[in-house]
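The structure appears right after this line, and notes come after that.
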Amino acid sequence: MLMTGSFAITNVNIVSEDAKDGLLHGYNVVVGPDGRISKVGAGNRTGIPDGYHRIDGTGRYLLPGLINAHVHLFSNGKPLSATLTGPTFQHAVSAALHSPLGALLIAHRTKVNARTLLLSGVTTFRTVGDVGYEAVRLRERIESGKELGARMLAAGPLLAITGGHGSPQIALIGDSPSQNRKNARTNIMHGVTAIKIAATGGVTDARRIGDAGRPQMSEEEMAAICEEAHHAGLLVAAHAQSPLGVTMALRAGVDTIEHGCAMNSEIIDLFGDNPRSLRGWSALIPTLSAALPLVKLSREVTGVDEIVVANARIAVDEMVQGIHDAKENGIALGMGTDTAMTYVTQYNTWRELALLNEYGDLTPQEAIHAASAENARILGFDQVTGRIAQGLSADLLLLKRNPLNDWRAYEHPEFVIARGRVLQNPQIERFELVDNELDAMKA
Ligand SMILES: [Zn+2]
């Protein structure tokens with residue numbers, strides 16, 4: 001069923017930070033023909049205009065659609081083959097991806113993966129590293145109404161140094177402030193709505209233990225990128241996995257640190273007060289979903305080598321400490337998963353909330369906040385989405401069970417509503433082997 005606007009969800013439990021037990025009981029949420037929430041109220045059903053369709057929310061749970069601040073759309077999350085990430089075939093793979101046929105294939109996969117994200121309850125997301133401009137084009141089709149989809153920010157290729165994280169497959173390469181400035185301008189010319197930097201090495205393509213967090217891009221190079229992005233009104237995300245890498249990125253004016261690390265006082269201060277960032281502050285987007293399976297699952301299952309496991313272990317320890325430090329110091333803390341990485345499917349965003357609870361000591365309420373209202377604020381959408389409030393976009397998730405005490409409530413949403421468009425019982429193609437391994441993953 002696809003229905004747009006002019007409906008009301010009646011007598012529903014709203015998952016809310018304002019309520020004692022986390023739930024507002026017996027509420028009606030009215031959605032106007034423009035796809036925005038026109039009324040949120042308790043009690044009787046007066047105030048629902050005649051002719052509005054009614055969705056009975058009795059015994060159901062309503063919360064804002066999830067916001068995922070860190071996704072890639074070029075793959076579906078089944079284990080990435082070592083040939084894709086290993087040094088031998090890296091350039092051949094990159095050439096194939098960037099060929100005309102490869103571009104068609106990637107554009108198709110991007111569309112399918114974006115659709116899966118939406119059907120799983122993610123109504124807003126940001127891509128942070130694409131092969132080319134396929135996600136940028138998809139965003140434009142969605143915004144023009146040609147295609148049903150989530151609200152998107154799309155980064156296009158990330159910006160990296162020669163041999164840097166993500167290069168050459170999903171990166172534009174620059175080795176000086178002026179080259180990196182030019183690459184930022186190139187992306188902006190192609191219509192990106194976000195900018196992503198590889199500030200340090202990454203787990204998937206590091207060659208030696210310790211390389212994952214090693215600084216790659218210089219502070220001057222990152223500052224040049226930030227300047228261009230900020231002039232265009234765009235936020236800059238930086239992949240950064242060590243204290244030195246994070247410090248350099250924050251000093252350069254990066255707006256969101258992806259993955260993160262244990263924080264010292266300089267890092268804590270820079271997050272809260274970052275003069276070169278777009279808005280004067282920066283946020284942390286941890287991605288436990290990407291790093292934990294590499295550490296917790298056996299290598300036969302993940303197919304990665306010992307170096308990847310060792311680097312993932314370091315990344316997990318840094319990330320977990322970073323989450324605790326962010327929480328303790330009132331640093332803006334969002335949520336991302338790094339979809340398309342090994343074992344990070346496009347439909348398991350909810351698992352990150354459970355991991356934030358299990359490893360980051362966030363309460364279920366705090367995890368939902370990070371994935372909705374706070375992510376909206378971090379991505380600049382707080383006047384648009386992220387809460388169930390009058391005037392905001394009807395980006396909603398209706399669940400049969402209470403997500404505050406049952407993470408699996410997210411697995412099969414009864415309704416996903418995006419900008420007032422209603423998707424009932426969305427069906428998703430799942431990968432049983434991947435899900436079984438994730439289910440069995442022990443702390
Ligand atoms: Zn990523």
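Side-chain atoms are counted along with the backbone in the values below, which use heavy atoms only and exclude waters and symmetry mates. As the structure lists them, so they are numbered: ligands from 1, and atoms in each ligand from 1. Since the model is a prediction, treat every value here as computed from it, not as a measurement.
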Is it the case that the side chain of N329 and the backbone of I331 share a donor-acceptor pair, with hydrogens and angles ignored and the cut-off at 3.5 Å? no
Looking at CZ of R207 and CG of N311, how far apart are the two atoms once the value is rounded to the nearest 0.5 Å? 11.0 Å
Keeping D325 on the side-chain end and M263 on the backbone end, is there a donor-acceptor pair under 3.5 Å? yes
Axial cation check for W281 ring with R276, 6.0 Å and 45° limits: no
Within the side chain of D130, is there an N or O that forms a donor-acceptor pair under 3.5 Å with the backbone of I170? no
Hey, does the Lys NZ or Arg CZ of R401 hover above the aromatic six-ring of Y61, less than 6.0 Å from the centre and inside 45° of the axis? no
What lies under 2.8 Å from the Zn ion (ligand 1), restricted to protein N/O/S atoms, is H70 NE2, H72 NE2, D338 OD1
